[in-house]
Amino acid sequence: MFSDLGRYDDRNALRTENRVISYRDLLAASDRIASAVGGRSLVFLFCTNTAASIAGYVGFLRHRIVPVLVDDALDDALLARLVALYRPAFFWLPEARRAAF
């Protein structure tokens, strides 16, 4: 999945308030994120409306890593139950949530 995105090269993939991200840059970021995970595993991806969330999602799918999409505003008690149940190998989350893990 997403294996053919490289053909779009310098075209705009994402637009944030501050910048435009090309497909080339999105793929480079996505591949760096996935390489930190290594191989096939389960990752809880905390979803926010950011380029980082999209890059994580694209990278995980491109490298056959299984992302579980978790609402960043999910109730802490429910999140704790999901973590205990699924036992993800990694978390991809916003910097603000990092201290909780």
Side-chain angles (χ1 to χ4, degrees):
M1 185 170 243
F2 297 121
S3 62
D4 65 341
L5 291 180
R7 70 184 181 158
Y8 299 110
D9 205 27
D10 286 327
R11 292 184 189 167
N12 297 342
L14 303 172
R15 184 180 303 271
T16 70
E17 289 180 5
N18 304 325
R19 65 185 186 148
V20 174
I21 301 167
S22 69
Y23 278 95
R24 178 185 305 157
D25 293 340
L26 173 62
L27 291 177
S30 297
D31 291 344
R32 275 193 310 275
I33 292 165
S35 71
V37 172
R40 189 164 172 83
S41 58
L42 183 70
V43 176
F44 271 25
L45 190 159
F46 287 73
C47 298
T48 57
N49 191 17
T50 62
S53 282
I54 294 168
Y57 181 72
V58 169
F60 298 146
L61 292 181
R62 279 174 50 88
H63 293 272
R64 309 187 104 213
I65 297 165
V66 180
V68 174
L69 304 180
V70 177
D71 183 352
D72 185 50
L74 187 66
D75 174 74
D76 287 341
L78 177 54
L79 177 59
R81 289 195 307 266
L82 291 173
V83 169
L85 179 64
Y86 289 101
R87 299 168 47 167
F90 297 92
F91 297 92
W92 180 247
L93 44 91
E95 189 72 32
R97 285 191 74 100
R98 188 174 182 194
F101 293 91

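Since the structure is predicted, the reported quantities are computational estimates derived from the model, not experimental observations.
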Of all pairs that satisfy side-chain hydrogen bond (donor to acceptor under 3.5 Å, both in side chains), the ones with a partner from residues 82-93, not counting sequence neighbours: none
Qualifying side-chain hydrogen bond (donor to acceptor under 3.5 Å, both in side chains) pairs, either residue in residues 26-42, two or more places apart: Asp31-Arg62, Asp31-His63
For the student: nearest non-hydrogen atoms of Pro88 and Val83, plus distance: CD-O, 3.8 Å
Below 4.5 Å, heavy atoms only, C-beta onward: do [X] and [Y] meet side chain to side chain?
X	Y	result
Leu79	Phe46	yes
Leu74	Leu82	yes
Leu45	Tyr57	yes

Restricting to salt bridge (charged side-chain N to carboxylate O under 4.0 Å, His left out), what partner residues turn up for [X], sequence neighbours left out?
X	answer
Asp71	none
Asp9	Arg24
Arg64	none
Arg81	none

Pairing residues for Phe90 by the ring pair (Phe, Tyr, Trp, His ring centres under 6.0 Å) criterion, not counting sequence neighbours: none
Straight-line distance of Asn12 CG to Leu26 CG, nearest 0.5 Å: 11.5 Å
Separation between CG of Asn49 and CG of Asp72, rounded to the nearest 0.5 Å: 11.5 Å
Test log, rule side-chain contact (heavy atoms from CB on, under 4.5 Å), inputs Phe60 and Val37: CA-CA 9 Å; Phe60 298 146; Val37 172; 3.8 Å; yes
Residue pairs passing the ring pair (Phe, Tyr, Trp, His ring centres under 6.0 Å) test where at least one lies in residues 7-40, sequence neighbours excluded: Tyr8-Tyr23
For [X], give me all partners under side chain to side chain contact (heavy atoms under 4.5 Å, CB included), at least two apart in sequence or on another chain.
X	value
Thr50	Thr48, Ala52, Ser53
Arg98	Leu93, Glu95
Val68	Leu42, Phe44, Val70

Output side-chain donor-acceptor pairs under 3.5 Å for residues 13-20, partner residues at least two apart or in another chain, one line each.
residue: Thr16; atom: OG1; partner: Asn18; partner atom: N; Å: 3.2
residue: Thr16; atom: OG1; partner: Arg19; partner atom: N; Å: 3.0
residue: Thr16; atom: OG1; partner: Arg19; partner atom: O; Å: 3.1

